[in-house]
A.B. asks: 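Take this structure first; my questions come after.
Remember, it's 1-based here, ligands and their atoms both numbered in the order they're listed. As the structure is a computational prediction, the values presented were derived from the model and not from experiment.
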Amino acid sequence: MDLVLDDNGPLYLQLARALKEAMAAGRLANGTRLPSSRELAYDLNLSRTTVVAAYEHLRAEGFIAGRVGSGSYVTSPWTTPVRSPPVRRAVVAQSDYSRRLREFSDIGNIPGRRPPGMRYAFQFGVPMVNTALTAQWVRELARAAPYVQPNYPRIQGLPALREAVARHVGRTRGVACSADDVLIVGGTQQALSLIARVLLDVGDEVALEEPHYFTARTILQVHGARLVGVPVDADGMQVDRLPDPAVKLTYVTPSHQFPTGAVLSHERRLALLEYARLGSGWIVEDDYDGEFRHDRQPVRALQELDRDGRVLYVGSFSKTLFPSLRLGYIVMPPGLKDDLIAAKWTDDFGSPPLDQAALANFITSGAYDRHLRQVTRKLAERRQLLRSSLQAQCGDRLEIMESHSGMHLVAWIRDMPVEEGEALIRAAAERKLALYSIAPCYLQPPQRTGLIMGFSAMSPGEIRDAVALFAKCLALFPRRKAGERGRPALYLARSSG
Ligand SMILES: Cc1ncc(COP(=O)(O)O)c(C=O)c1O
């Protein structure tokens, strides 16, 4: 402990003063356990009697609590939180990479997060609260722990997990691969980062859907890609609008377009594969929630149709289990395997083996399939509930996009310009309801208001209440007649009462 005695008076009082100073400065915060008198005497080269006397003195003054033998705790009257010295980021970015990080990423303002203090949130991309899964996961971890080697993990991932993933995606998504083609990664996030590093040079062109998954956009931008947004309609990305000459990489969500929910049609799948083949380009297939097909058999993966090894199929356990697991996978085309595995090695040596072992067992035991069936059923019910509640309470003010899978819907508010939409989001937040604009999903945001409405993080009762509150907020902004000009958003937000 960093204590300076002031050479003034009896040693035990000098020590008591030094400890109080440390408390006042916040270096010894409330609740901190002090070292035993024996340890502190040894550290400061004092007699134990001196330290015991200092502790007794502080105890009498109410600065510490607890007993000799069972430990003493700081109960200081100062509430100064322990603060690390303010860290200032270098004024000048230190590299081109850091310049791009500053330009494109804003980690203080990540879209889709739940703001504090909200009662309801149509948050998307978060799995259902599932206490049974948590309990099961604890058991899987305990079962796997004794068999996990303490040494560095296998770079490519635990063979048992790669095997389990290969069989699972083969069976459920039609992905043709063996365990040897699978690279275990830290979620889609790391997958995209590794792929960008392996495939892209600064200035390379990358095509992505417009609208798209904003995080994928940020990763690509930070790696120096020049992005081309390709519009999406009810059949997914309009592949005939891909740039000519062909781009190096195309990022798509074919099974459940993020965020619109469209499914890429068979013809477009074939056209996209042909585009990549002719241009010697690559396709990233992000299959983030393709397992949650509510009404029919899951749509098969694009990778199934790939005869030329141009598709990198990316899957994640963030939606099917939980995002803090930070596990996902890339099914690698043969030409990129070595580079991707080497990139993973330079990044982190390999993903944590305990979680991988638990997950391998969870999948092979059949528990994962059971869990997916259960969750898919519940998600289908909640999607239907959200849809019918919105229709009942908001009538024809909303245009809800067709979608048969996943954990969110997209709803456009008819005749509501963007500024009014922003005022609606603010008015809802004042009433403790978090709404999520679709705008961050665009390179060129549209001139109308669209919302992404997640339904996985709310119980059916909460969905009903949240929709009722949403309808009240929406009623504060009466529908415009054709040609009517907008009133100032501020006025609208304030007049909402
Ligand atoms: C389109 C899309 N892909 C992937 C993910 C999952 O990312 P990760 O596996 O890094 O948690 C998300 C999460 O919201 C997503 O929306």
Side-chain angles (χ1 to χ4, degrees), residues 105 107 110-114 121-128 157 161 165 169 173 182-196 206-220 222 227 229-230 232 236-237 250-264 283-293 299 301-303 311-331 344 347-348 351-352 355-356 359 375 379 401 403 405-410 436-442 451-457:
S105 67
I107 55 168
I110 300 173
R113 294 287 161 95
R114 185 184 175 119
F122 285 107
Q123 202 182 0
F124 53 92
V126 280
M128 281 194 266
L161 180 59
V165 165
V169 295
R173 317 289 300 115
V182 176
L183 172 64
I184 303 296
V185 292
T188 312
Q189 194 78 355
Q190 190 183 41
L192 296 178
S193 230
L194 298 180
I195 291 169
V206 175
L208 80 176
E209 297 147 326
E210 176 80 334
H212 49 256
Y213 176 39
F214 38 81
T215 307
R217 178 187 69 224
T218 306
I219 294 172
L220 294 165
V222 163
L227 299 183
V230 182
V232 164
M237 178 189 258
T250 305
Y251 166 83
V252 270
T253 48
S255 299
H256 185 233
Q257 202 277 325
F258 186 90
T260 66
V263 177
L264 191 66
I283 299 167
V284 171
E285 172 174 18
D286 179 355
D287 199 15
Y288 64 108
D289 71 355
E291 317 243 17
F292 295 140
R293 189 82 198 160
V299 174
L302 171 70
Q303 196 267 9
V311 174
L312 297 96
Y313 175 86
V314 176
S316 168
F317 294 98
S318 288
K319 314 281 155 184
T320 55
L321 290 173
F322 45 93
S324 67
L325 186 57
R326 303 314 305 141
L327 282 178
Y329 45 90
I330 308 175
V331 176
K344 170 76 180 165
D347 218 37
D348 64 4
S351 295
D355 289 321
Q356 291 190 63
L359 184 52
V375 173
L379 284 176
M401 297 197 80
S403 163
S405 58
M407 307 151 90
H408 67 265
L409 293 172
V410 167
Y436 298 87
S437 165
I438 198 173
C441 300
Y442 283 85
L451 298 174
I452 306 182
M453 306 191 85
F455 47 81
S456 53

A.B. asks: Nearest protein heavy atom to atom 5 (C) of ligand 1, by residue and atom, and its distance?
C.D. replies: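 In this structure, atom 5 (C) of ligand 1 has Y213 OH, 3.7 Å as its nearest protein heavy atom.
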A.B. asks: Heavy-atom distances under 4.0 Å decide this one: backbone, side chain, both or neither, for R326 against ligand 1?
C.D. replies: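 Side chain only; the backbone of R326 stays clear of ligand 1.
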A.B. asks: Is there a donor-acceptor pair closer than 3.5 Å between any side-chain N or O of Q123 and the backbone N or O of G112?
C.D. replies: yes
A.B. asks: Could you list which atoms of ligand 1 come closer than 4.0 Å to a heavy atom of F258?
C.D. replies: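 Those qualifying, in numeric order: 1 (C), 16 (O).
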A.B. asks: Any heavy-atom pair between the side chains of R114 and V126 that's under 4.5 Å?
C.D. replies: no
A.B. asks: Show the atoms of ligand 1 that are less than 4.0 angstrom away from any heavy atom in S318.
C.D. replies: 8 (P), 9 (O), 11 (O)
A.B. asks: Out of T188, L192, L325, D287, who gets a non-hydrogen atom closest to atom 6 (C) of ligand 1?
C.D. replies: T188
A.B. asks: Is Q189 close to ligand 1, meaning an N/O of one under 3.5 Å from an N/O of the other?
C.D. replies: yes
A.B. asks: Please compare H408, K319, M407 and report which has the shortest non-hydrogen distance to atom 14 (O) of ligand 1.
C.D. replies: K319
A.B. asks: Could you tell me whether the side chains of S351 and Q356 share a donor-acceptor contact shorter than 3.5 Å?
C.D. replies: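 Distance-only check fails for S351 and Q356.
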A.B. asks: Any heavy-atom pair between the side chains of L359 and L321 that's under 4.5 Å?
C.D. replies: yes
A.B. asks: Within the distance-only criterion (no hydrogens, no angle test), does the side chain of R173 pair as donor or acceptor with the backbone N or O of V299 below 3.5 angstrom?
C.D. replies: yes
A.B. asks: Taking only heavy atoms of D286, which atoms of ligand 1 are found under 4.0 Å from at least one of them?
C.D. replies: 1 (C), 2 (C), 3 (N), 4 (C)
A.B. asks: Taking the side chain as every heavy atom from C-beta outward, state whether M407 and L379 have any pair of such atoms under 4.5 Å apart.
C.D. replies: yes
A.B. asks: Which atoms of ligand 1 are found less than 4.0 Å from any heavy atom of S316?
C.D. replies: 8 (P), 9 (O)
A.B. asks: Looking only at heavy atoms, is any part of P323 under 4.0 Å from ligand 1, and if so is it the side chain, the backbone, or both, or is it neither?
C.D. replies: neither
A.B. asks: Do Q190 and D348 have a side chain donor and acceptor closer than 3.5 Å?
C.D. replies: yes
A.B. asks: Looking at the rings of F122 and H408, which for Trp means the six-membered one, are their centres under 6.0 Å apart?
C.D. replies: no
A.B. asks: Is there a polar contact, in the sense of an N or O pair closer than 3.5 Å, between T253 and ligand 1?
C.D. replies: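 Such a contact does not occur with ligand 1.
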